[in-house]
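Take a look at the structure set out below.
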2 protein chains.
Amino acid sequence: MNIAHHLSEHDIKPSYQRIKIYEYLYKEMNHPSVDTIYKKLVGEIPTLSKTTVYNTLKLFIDKGITSTVTIEDNEVRYDAIMDAHGHFKCTSCGAIYDIKYDFKDVAMNELKGFEVKETQVHVKGKCNQCLTK
Amino acid sequence: MNIAHHLSEHDIKPSYQRIKIYEYLYKEMNHPSVDTIYKKLVGEIPTLSKTTVYNTLKLFIDKGITSTVTIEDNEVRYDAIMDAHGHFKCTSCGAIYDIKYDFKDVAMNELKGFEVKETQVHVKGKCNQCLTK
DNA sequence: ATATATTTTTGTAATGATTACAAATTTAGA
DNA sequence: TCTAAATTTGTAATCATTACAAAAATATAT
């Protein structure tokens with residue numbers, strides 16, 4: 001995918017920092033925190049500021065190309081995948097896995113008259129890698 | 001329900017503060033934050049410390065009589081209902097509603113070999129009260 | 001009942017994520 | 001090039017949460 005083009009399509013001027021941040025989010029698929037993104041990119045962009053990472057992610061969210069995962073820990077994680085999907089967080093190693101689910105099955109009849117904008121499914125436990133250790 | 005007894009059953013000594021905090025959680029059912037609990041109870045218990053609220057909720061969680069709802073906002077909310085259920089958060093008024101759901105419908109086949117301990121379903125949008133205003 | 005040990009509560013200081021804000025830099029337009 | 005607008009940066013402020021030790025309350029032993 002052409003990242004600069006993808007940003008432009010969503011009304012975001014493709015600056016160097018924005019391209020790098022989106023590229024990281026999109027390629028790594030590791031649901032990083034702001035700190036993880038910052039630490040990784042400051043090697044390539046020595047002048048990078050954490051504030052820029054915050055600003056940029058907020059912009060991405062406004063423009064609808066990034067979503068947040070607040071599975072716990074008072075630390076927000078970010079995700080470039082916008083399809084409805086859930087997350088599994090391993091309480092042992094901290095990794096976050098994507099899980100597909102079909103939400104139409106989940107009883108939503110209680111929410112009649114409500115305007116649903118966003119749905120998140122979070123599952124916590126231990127991943128198979130940690131279990132087999 | 002006899003709260004002192006309920007606490008004792010779960011290996012928690014029923015001190016005055018603990019009873020009051022659990023009582024608030026159980027009766028109000030409003031998924032309060034630490035700050036909400038503190039502000040409400042400090043009228044009745046003028047010497048109450050916010051640290052006590054934190055300590056007490058952590059103890060309740062350890063003993064399995066309280067769960068957390070981290071739907072967003074970097075502010076943890078607490079819940080005395082321990083049955084599996086989801087939450088709807090109104091982005092307009094901030095209220096959190098309980099929603100029942102049948103989790104067996106949600107595709108969990110991807111999590112074979114994983115040990116699932118906890119599941120949360122979060123829905124965001126606008127509640128009917130805010131929509132009809 | 002008194003002294004002692006244990007538990008609980010409290011207050012203050014520290015931590016860590018996030019935001020506010022203004023200056024510096026970069027980019028775009030005349 | 002010169003000027004205006006947008007973007008980035010660094011520092012300070014904010015806010016939830018935790019660490020920690022002293023104070024208070026409760027339980028236990030003499």
Side-chain angles (χ1 to χ4, degrees), chain A residues 3-4 7-8 10-24 31-63 65-79 89 94 96, chain B residues 3-4 7-8 10-24 31-63 65-79 89 94 96:
Chain A
I3 290 172
L7 297 181
S8 295
H10 289 86
D11 203 22
I12 298 165
K13 281 190 195 160
S15 74
Y16 182 58
Q17 287 84 338
R18 287 169 179 175
I19 289 172
K20 284 294 180 188
I21 290 169
Y22 191 80
E23 185 180 54
Y24 180 79
H31 312 84
S33 65
V34 163
D35 200 60
T36 304
I37 297 170
Y38 173 76
K39 284 202 174 108
K40 183 63 185 271
L41 293 183
V42 78
E44 273 183 277
I45 315 168
T47 62
L48 184 66
S49 160
K50 222 177 235 186
T51 302
T52 300
V53 182
Y54 277 105
N55 290 342
T56 302
L57 291 168
K58 184 170 286 182
L59 179 67
F60 288 174
I61 290 163
D62 281 354
K63 299 301 185 184
I65 63 168
T66 296
S67 63
T68 59
V69 188
T70 47
I71 195 161
E72 69 170 338
D73 283 341
N74 284 23
E75 190 191 41
V76 182
R77 307 287 213 100
Y78 297 85
D79 196 341
K89 170 157 183 173
I96 294 183
Chain B
I3 289 172
L7 297 181
S8 296
H10 288 86
D11 203 24
I12 298 166
K13 280 191 195 159
S15 73
Y16 182 58
Q17 287 81 339
R18 288 169 179 173
I19 290 171
K20 284 294 180 188
I21 290 169
Y22 191 81
E23 184 181 55
Y24 179 80
H31 313 83
S33 65
V34 163
D35 200 59
T36 304
I37 297 169
Y38 173 76
K39 285 202 175 108
K40 183 61 186 269
L41 293 183
V42 77
E44 273 183 277
I45 316 168
T47 62
L48 184 66
S49 160
K50 221 178 235 186
T51 303
T52 300
V53 182
Y54 277 105
N55 290 342
T56 302
L57 291 168
K58 184 170 287 181
L59 179 68
F60 288 174
I61 290 163
D62 281 354
K63 300 299 186 184
I65 63 169
T66 295
S67 62
T68 59
V69 187
T70 47
I71 195 162
E72 69 170 339
D73 283 340
N74 285 22
E75 190 190 43
V76 181
R77 307 286 214 99
Y78 297 86
D79 195 340
K89 172 157 182 171
I96 293 183

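Every chain is numbered from 1, with letters handed out A, B, ... down the list of sequences. All heavy atoms count here, side chains included; hydrogens, waters and symmetry mates do not.
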Taking every heavy atom of A:Val53 against every heavy atom of A:Ile21, the minimum-distance pair comes out as CA-CD1, 4.0 Å
Scanning both residues in full, the closest heavy-atom pair of B:Thr70 with A:Ile71 reads OG1-O, 3.5 Å
Side chain to side chain donor-acceptor pair (under 3.5 Å) filter on B:Asn55, not counting sequence neighbours, yields none
Residue set satisfying side chain to side chain donor-acceptor pair (under 3.5 Å) with A:Asp35, at least two apart, ordered chain then number -> A:Lys39, A:Lys50
Under a 4.0 Å heavy-atom criterion, the protein footprint on nucleotides 3-11 of chain D, written with B, S and -, is ---SSSBBB
Calculate the interatomic distance between [X] atom [atom1] and [N] atom [atom2]; express it in whole Å.
X: B:Ile21; N: C:dT9; atom1: CD1; atom2: C1'; answer: 10 Å
X: A:Tyr78; N: C:dA17; atom1: OH; atom2: P; answer: 12 Å
X: B:Arg77; N: D:dA16; atom1: CZ; atom2: C1'; answer: 13 Å
X: A:Lys58; N: C:dT18; atom1: NZ; atom2: C1'; answer: 8 Å
X: B:Asp35; N: D:dT14; atom1: CG; atom2: C1'; answer: 13 Å
X: B:Glu75; N: D:dT14; atom1: CD; atom2: P; answer: 18 Å

Keeping the roles fixed (side chain from B:Arg18, backbone from B:Lys13), state whether a donor-acceptor pair exists under 3.5 Å.
-> yes
Checking A:Arg77 side chain against A:His31 main chain: does a donor-acceptor pair fall under 3.5 Å?
yes
inquiry  = If you compare every side-chain N and O of B:Tyr54 against the phosphate oxygens of D:dT17 (OP1, OP2), does one of them come in below 4.0 Å?
reply    = yes
